[in-house]
Amino acid sequence: MTTGLGRCPCESEAEEQGVTRRGFLAGAAALLAGTIASVLGAAGLSYFVSPAFEKEDENWIDVGRASELRTGAPVKVDYVARKRDAWVVTEKRSSVWLSNLGGGRFIAFDPRCTHLGCPYRWDQGKQEFLCPCHAGVFDREGKVLSGPPPRPLDRFPVKVVSGRLLIRPVDEKGAA
Ligand code: FES
């Protein structure tokens with residue numbers, strides 16, 4: 001409605017309200033789009049990133065209380081390694097030789113001899129690891145003392161978390 005004085009004040013008020021409403025709707029739409037993009041982005045990012053962290057946690061295996069491992073002699077400990085591939089979980093029984101060197105230092109030895117992979121044992125009297133297959137001999141820290149083994153005993157990464165001894169075994173292909 002127009003009057004002799006120009007535009008009706010109610011029109012400009014309605015226009016202002018229209019702009020405000022449009023602005024509000026545009027802002028709300030942008031906010032909604034931003035929220036959806038953030039949620040989808042975070043979900044997509046976690047899909048790619050989280051397996052790396054899960055894998056890290058899964059590969060460390062709890063082999064017991066660190067305080068229960070005496071410094072006197074290495075101990076062979078059996079454990080079950082679980083591997084998850086999507087929804088499939090496989091279990092593999094294995095063992096590790098654990099040695100407490102004192103002062104919070106621990107060694108976790110691969111239980112296979114570095115010559116041809118035979119299981120070796122600890123001789124408490126001689127204070128040596130002995131491999132029965134070809135008479136390989138290692139000292140307490142895994143160094144070769146005699147026999148055909150080409151290198152010291154292989155070690156697994158080991159750490160203490162909240163008083164628990166964790167190891168990360170490595171398979172024949174070098175994968176954790
Ligand atoms: S496998 Fe151990 S010495 Fe040969």
Side-chain angles (χ1 to χ4, degrees), residues 37-176:
S38 299
V39 169
L40 292 178
L45 191 64
S46 72
Y47 175 80
F48 290 106
V49 172
S50 66
F53 293 108
E54 284 170 12
K55 195 171 184 220
E56 179 77 10
D57 287 338
E58 281 179 8
N59 288 337
W60 287 98
I61 295 170
D62 187 329
V63 287
R65 201 169 271 291
S67 60
E68 290 175 4
L69 190 63
R70 295 189 192 151
T71 53
V75 177
K76 191 175 186 185
V77 174
D78 296 325
Y79 65 86
V80 177
R82 291 182 182 81
K83 273 205 167 182
R84 181 191 302 269
D85 186 7
W87 290 277
V88 179
V89 178
T90 53
E91 292 188 347
K92 184 182 164 196
R93 294 187 181 282
S94 192
S95 58
V96 59
W97 278 97
L98 298 172
S99 184
N100 182 353
L101 301 180
R105 293 185 309 133
F106 296 92
I107 303 177
F109 292 111
D110 186 322
R112 297 165 295 185
C113 175
T114 51
H115 179 219
L116 294 177
C118 283
Y120 54 85
R121 67 179 178 83
W122 174 251
D123 186 308
Q124 182 65 17
K126 294 181 178 172
Q127 293 283 300
E128 294 168 345
F129 287 110
L130 307 176
C131 181
C133 292
H134 311 97
V137 181
F138 305 86
D139 73 6
R140 188 177 175 154
E141 297 199 17
K143 293 185 199 114
V144 180
L145 295 178
S146 63
R151 65 179 190 278
L153 293 173
D154 291 327
R155 297 181 181 195
F156 298 147
V158 60
K159 64 181 179 181
V160 178
V161 176
S162 302
R164 308 292 302 183
L165 206 53
L166 306 182
I167 62 163
R168 195 164 63 174
V170 179
D171 65 21
E172 304 82 26
K173 297 167 196 155

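First listed ligand is number 1; within each ligand, the first listed atom is number 1.
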Closest approach of N100 to L69 (non-hydrogen atoms, all atoms of both residues):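 Heavy atoms only, the tightest pair is ND2-O, 2.6 Å.
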Side-chain heavy-atom pair E141, R155 within 4.5 angstrom cut-off: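 Yes, close enough: below the 4.5 Å cut-off.
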Check: T114 side chain, R151 main-chain N or O, donor-acceptor pair, under 3.5 Å: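 It does hold such a pair.
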Q127 side-chain N/O to Q124 backbone N/O, donor-acceptor pair under 3.5 Å: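 Between the backbone of Q124 and the side chain of Q127 there is a qualifying donor-acceptor contact (under 3.5 Å).
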Side chain to side chain donor-acceptor pair (under 3.5 Å) partners for R140, two or more places apart: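 R140: side chain to side chain donor-acceptor pair (under 3.5 Å) contacts with S99.
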For atom 4 (Fe) of ligand 1, every protein N/O/S atom that sits closer than 2.8 Å, waters excluded: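 You should have found H115 ND1, H134 ND1.
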Thiol sulfurs of C113 and C131 closer than 2.5 Å: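 Not so, these two cysteines form no disulfide.
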